[in-house]
Amino acid sequence: MESYEVVVVGAGLVGEEMVKVLKQRKFPVKNLTILARSARKQIIDGDEYTVLPTSAEAFDGKDIAFFAGTEGEKGASQTFGWEAVKRGCFVIDNGDDFRMDDRVPLVVPEANAEDIASHQGFVSNPNCSTIQMVAALAPLHRKAKMRRVVVSTYQSVSGSGGGAVRELEKQVMEYAEGGVKTVEQYSYQILGNLIPQISSLKDEFPGYYGEEIKMIKETRKIFGVPNLPVSATCVRVPVRRGHSETINVEFEHPITPDEARKLLADEPGIVVIDDPASGKYPMPLDVEDKDETYVGRIRQDPGNPNALDIWVVADNIRKGAATNAVQIAEIAVKNGWLRRN
Ligand SMILES: NC(=O)c1ccc[n+]([C@@H]2O[C@H](COP(=O)([O-])OP(=O)(O)OC[C@H]3O[C@@H](n4cnc5c(N)ncnc54)[C@H](OP(=O)(O)O)[C@@H]3O)[C@@H](O)[C@H]2O)c1
């Protein structure tokens with residue numbers, strides 16, 4: 001079996017998880033290079049790795065580069081993403097810098113794996129909250145065609161990176177010692193609170209914050225339905241890891257909860273836990289370190305025979321980031337799509 005020169009850029013929460021997922025899924029890695037801003041030794045999943053500073057030359061001779069650095073102008077993808085493509089790498093990016101770029105397929109394998117085939121060297125992973133929603137909606141959309149989606153999210157602090165996880169843990173300690181003092185990662189204390197703001201306001205959808213706009217635009221791009229009505233409210237909650245979502249989805253054709261349950265249970269990558277009478281439904285603590293998307297609370301909307309309400313939970317660092325990226329690489333390798341057309 002052929003094996004590959006693999007680079008992981010970024011050694012924070014997602015970068016570390018990427019290294020773990022590559023190992024656990026036995027991705028055919030010939031050599032693994034880990035790049036970040038600063039050089040150091042770092043223990044990941046019990047093994048010590050050498051982390052090197054990122055440079056354009058570091059991508060020479062490499063086959064696949066997973067980008068998990070911070071976003072924006074000085075971030076890894078904007079600085080090195082297309083440079084890595086120029087130097088022959090197949091790039092899979094976790095950030096939002098190029099998700100809406102026409103050159104870049106935006107892929108959730110459960111929904112649009114075939115889009116990988118048209119890549120120009122660069123594929124983007126959607127936003128974590130988009131990935132789990134799209135994974136759960138894909139089999140239902142194939143059957144009954146979506147007409148409208150309304151989603152509310154309950155997103156863990158790990159979605160903001162390692163610094164936010166450490167701050168929640170610190171706030172717990174400070175609370176136990178008499179009062180929370182450290183509030184740096186968010187505008188407000190997150191312990192014992194909910195913050196209905198993720199990212200900043202944007203002009204294109206007045207009143208919506210950035211994360212909500214990502215969910216709207218990315219969902220439309222992935223399903224190839226440019227005007228699909230999607231509305232999102234994204235909320236940060238004091239959960240360490242795992243994002244949860246309530247989704248109300250209306251279809252062109254009626255679909256019963258039993259049909260939906262069966263379609264979802266038959267879908268690889270989806271686990272249905274749906275026994276409300278015995279209080280069984282997925283929760284963030286259950287999905288930590290899991291690659292699947294979990295669905296429960298599948299109900300008919302009492303006010304609309306063509307609509308369902310569902311509850312979706314996934315590990316935002318695994319399926320919401322590292323796992324989805326590695327799955328894209330697995331599909332590219334399996335289908336001979338690694339090299340550009
Ligand atoms: N957390 C999630 O749930 C999640 C889900 C989906 C997507 N994402 C995306 O994945 C990316 C990484 O998120 P994270 O949670 O892992 O963040 P993080 O814990 O803050 O780690 C960021 C990493 O990026 C490295 N980095 C930053 N700028 C860089 C540059 N210019 N060149 C090279 N490396 C650079 C940092 O290097 P140093 O360690 O040397 O400082 C650090 O290792 C972000 O784009 C994020 O939006 C995150």
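For ligands, and for the atoms within them, numbers begin at 1 and follow the listed sequence. One-based numbering along the sequence shown.
- Aromatic pair W82/F122: centroids less than 6.0 angstrom apart.
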Give one line per pair: atom of ligand 1, protein atom, distance. Only N/O to N/O under 3.5 Å.
| residue | atom | partner | partner atom | Å |
| --- | --- | --- | --- | --- |
| ligand 1 | 1 (N) | S158 | O | 2.9 |
| ligand 1 | 3 (O) | N316 | ND2 | 2.9 |
| ligand 1 | 16 (O) | L13 | N | 3.2 |
| ligand 1 | 16 (O) | V14 | N | 2.8 |
| ligand 1 | 19 (O) | L13 | N | 3.1 |
| ligand 1 | 19 (O) | G162 | N | 3.2 |
| ligand 1 | 28 (N) | T70 | OG1 | 3.0 |
| ligand 1 | 31 (N) | K74 | O | 2.9 |
| ligand 1 | 31 (N) | A76 | N | 3.4 |
| ligand 1 | 37 (O) | R37 | N | 3.4 |
| ligand 1 | 39 (O) | R40 | NH1 | 3.4 |
| ligand 1 | 39 (O) | R40 | NH2 | 2.8 |
| ligand 1 | 40 (O) | R37 | N | 2.9 |
| ligand 1 | 40 (O) | S38 | N | 3.1 |
| ligand 1 | 40 (O) | S38 | OG | 3.4 |
| ligand 1 | 40 (O) | R40 | NH1 | 2.9 |
| ligand 1 | 41 (O) | R37 | NE | 3.0 |
| ligand 1 | 41 (O) | R37 | NH2 | 2.8 |
| ligand 1 | 43 (O) | A11 | N | 2.8 |
| ligand 1 | 43 (O) | G12 | N | 3.1 |
| ligand 1 | 45 (O) | G69 | O | 3.0 |
| ligand 1 | 47 (O) | E71 | OE2 | 2.9 |

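- Between T246 and D309, the side chains place no donor N or O within less than 3.5 Å of an acceptor N or O (distance only, hydrogens not considered).
- Side chains of E211 and Q155: a donor on one and an acceptor on the other come within 3.5 Å.
- A donor-acceptor contact under 3.5 angstrom links the side chains of K202 and S200, judged on distance only.
- Side-chain contact annotation: S231 with Y208, donor-acceptor N/O pair under 3.5 Å present.
- Looking only at atom types and distance, the side chain of T130 has no donor-acceptor partner in the side chain of K214 under 3.5 Å away.
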